[in-house]
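Have a look at the structure below before the remarks.
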Amino acid sequence: MGKKTPQAIRGTQDIFGAEAEAFAFVVETFERVRKLYRFRRAEMPVFEKTEVFARSLGETTDVVSKEMYSFDDRGGESLTLRPEFTAGIARAFLTNGWQQHAPLKLATHGPLFRYERPQKGRYRQFHQIDAEIIGAAEPQADVELLAMADHLLKELGIRDVTLHLNTLGDGESREAWRAALVEYFRAVKDQLSEDSQERLEKNPLRILDSKDRRDQPFLPDAPKIDDFLSDEAREFFAVVTSGLDAAGVKWKRAEALVRGLDYYRHTAFEFIPDEGSASADALGSQSTVLGGGRYDGLIENLGGPATPAVGWAAGIERLAMLVGERAEPAAAAIIVVEDNSQAALRQGMEALTALRNHNLPAEMIATGSPRKRRDKAVKKGAASIITFHETGHGISGDDDIDPAIFEALPFLR
RNA sequence: GCGAUCGUAGCUCAGUUGGUUAGAGCGCCGGUUUGUGGUACCGGAGGUCGGGGGUUCGAGACCCCUCGAUCGCCCCA
């Protein structure tokens, strides 16, 4: 806290120890599951021309662009740190000719940036895992993606979350529903919260998940998407839900689950902690663990051919909070140099090298008060402690010392 | 952008209605003890109490400003 030390940027985090282990566990598990479902790995740049995100967001003017980390580079071009994966993936799909691989199942993970007020489970630099299927119009793709998400959460040991599922229908269904909602809420405008009165103009679908008490009485009787679905849209959703049932994915219909952007069609979903669960407590008001949907209109917005796609993303930090503390693995052996002799130090170093060459995680303690070195080793929780002093050596540890240690260091036998 | 709560040692915190040299535990360093084990004891280093201003004989405690953190609202691609 010295005056001269610069502080970290607001909303960034330094992750260490058990938390870092939990973070790594999430990423490692994602990598494993993604291979199981045959999603291919992709890496995209962390920044793009601002246009990539601006157009993907359909020029959703100020509110959204105010939340982007944008800057001009030396050539005067406006660049933006990616606030999401989807737009960059769509751009890469178009500029690299990945159409030839369609339908393409992709997975990635990494940092994202949004200029937001930090709070629990919400940071300015945060990290997500992400999965997309591009160029697949059929509802089986939605099922495949959701099955993977469900599988991942189970592998992470997260059981108290449920898939909340909705359909926004096709373009016409969605528009008709939206118009009906506007009409319905406009009739009671005066009784709505100030926020919702504003939403009525900007983003009427969002009134449906208002937290304000004044809005609650009007929500149950609001128009339902089901009354506006075309036959095709209804059929699409039916295939998705029966596919989920066949795959053993539990889900719950969430009629109020919406997406603000126009390019979303059909399936929209979020995995949300069950009410009163440990996960709900752990996440505070940032309740969505994993969310996504079908975005059949996005790639056209970027100037590409009409290309259906569906995807999801999940915050690694939030998943890590649900996974809980994960201990850092203990060393297979810790070497303690018990005195300050050159002979002991040398033998210790040689033994340390041998252990590591045999793939045994090991470290050495050879500094500080000689009398306390053993205590340090004990505290680090090694399975075995190997000691060296000027005239000898020893080993101690669990009842069964790992035979691999004797293979690496035969003289201990 | 708005609101609430909070900033005392490396970490977690205590500090009585403002009162004299600012404390504990853990961690760190050293010593003694113990000797197949997260032993016990002794000692030490480490703080301009986030920063600035004010009230007062006297401020870590009270007031104002500022910076930062946490949680929530808005937003949520």
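Letters A, B, ... mirror the listed sequences (proteins, then strands); counts begin at 1. What you are looking at is a predicted structure, and each value in this text was computed from that prediction instead of being measured.
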Taking atom P in both G38(B) and U21(B), what distance in whole Å separates the two? 45 Å
Heavy-atom closest pair, residues R294(A) and E138(A): NH2-O, 3.4 Å
What's Y264(A) touching, base or sugar-phosphate or nothing? Going by heavy atoms closer than 4.0 Å. sugar-phosphate
Separation of N340(A) atom CG from G30(B) atom P, in whole Å? 10 Å
Mind telling me whether H266(A) and F236(A) have parallel, tilted or perpendicular rings, with 30° and 60° as the class edges? parallel
Report the distance from atom CG of D375(A) to atom C1' of C28(B), rounded to the nearest whole Å. 14 Å
Could you check whether any side-chain heavy atom of F237(A) comes within less than 4.5 Å of a side-chain heavy atom of R253(A), counting everything from C-beta outward? yes
Under-4.0 Å side-chain N/O to phosphate OP1/OP2 contact, T288(A) with C76(B): no
Between A69(B) and G23(B), how many Å separate the two C1' atoms, rounded to a whole number? 24 Å
Here the distance between atom C1' of C29(B) and atom CZ of R373(A), to the nearest Å, is 13 Å
Could you pick out which residue, D212(A) or P83(A), lies toward the 5' side of RNA chain B when each is mapped onto its nearest nucleotide? D212(A)
Across the strands shown, which category fits G368(A) at heavy-atom distances under 4.0 angstrom: base, sugar-phosphate, nothing? sugar-phosphate
Give me the ring orientation class for F23(A) and H127(A): parallel if the planes are under 30° apart, tilted from 30 to 60°, perpendicular past 60°. perpendicular
Do H101(A) and F93(A) have ring centres separated by under 6.0 Å? no
Take the protein atom CG of N203(A) and the nucleotide atom P of C75(B), then report the distance between them rounded to whole Å. 8 Å
Taking the side chain of R259(A) as its heavy atoms from C-beta onward, which of U32(B), G37(B), A77(B) lies nearest to it? A77(B)
Between G50(B) and U8(B), how far apart are the C1' atoms? Round to whole Å, please. 10 Å
Report the distance from atom CZ of R10(A) to atom P of G1(B), rounded to the nearest whole Å. 9 Å
What's the gap between C62(B) and C75(B) when it is taken at their C1' atoms, as a whole Å value? 38 Å
Row check, F126(A) ring normal vs R114(A) NZ/CZ: under 6.0 Å, within 45°: no
Aromatic contact, H109(A) with F85(A) (centres under 6.0 Å): no
Within the 4.0 Å heavy-atom criterion, would you say R82(A) contacts the bases, only the backbone, or no part of the nucleic acid? nothing
Assess the pair H151(A) and Y37(A): is the distance between their ring centroids shorter than 6.0 Å? yes
RNA chain B contacts among residues 102-124 of chain A, heavy-atom distance under 4.0 Å: R114(A), E116(A), R117(A), Q119(A), K120(A), R122(A)
Inter-nucleotide C1' distance (C64(B), A45(B)), Å rounded: 38 Å
Phosphate OP1/OP2 of G72(B) contacted by S285(A) side-chain N/O (<4.0 Å): yes
Rounded distance in Å - CG (L81(A)) to C1' (A77(B)): 15 Å
In RNA chain B, consecutive runs of at least three Watson-Crick or G-U pairs below 3.5 Å, as range with range, amount to B:1-7 with B:67-73, B:10-13 with B:23-26, B:28-32 with B:40-44, B:50-54 with B:62-66
Mind checking the P distance from U17(B) to G10(B)? Whole angstroms is fine. 28 Å
In whole angstroms, how far is the C1' atom of C76(B) from the CZ atom of R206(A)? 6 Å
Using the P atom as the point on both nucleotides, what is the distance between C13(B) and G31(B), in whole Å? 33 Å
Rounding to a whole Å, what distance do you find between I334(A):CD1 and G38(B):P? 15 Å
So does K379(A) get a side-chain nitrogen or oxygen closer than 4.0 Å to the phosphate oxygens (OP1/OP2) of U39(B)? no
Which atoms form the tightest heavy-atom contact between Y295(A) and G311(A), and what is the distance? CE2-N, 3.6 Å
Quick note, K211(A) side chain, CB onward, closest among G35(B), G38(B), C73(B) is C73(B)
R374(A) vs U36(B): side-chain N/O to OP1/OP2 distance below 4.0 Å: no
Does a donor on one side chain and an acceptor on the other come within less than 3.5 Å for Q125(A) and T12(A)? no
By the 4.0 Å heavy-atom rule, please label K380(A) as base, sugar-phosphate, or nothing. nothing
Tell me whether the count of non-hydrogen atoms from other residues, nucleotides or ligands lying under 6.0 Å of CG in N359(A) goes above 12. no
Would you call K105(A) and R40(A) a side-chain contact if the rule is heavy atoms closer than 4.5 Å? no
Measuring only the C1' atom in each nucleotide, how far is C6(B) from U32(B)? A whole number of Å is fine. 43 Å
For Q7(A) and for K372(A), locate the closest nucleotide of RNA chain B by heavy-atom distance; then report the residue assigned to the nucleotide nearer the 5' terminus. K372(A)
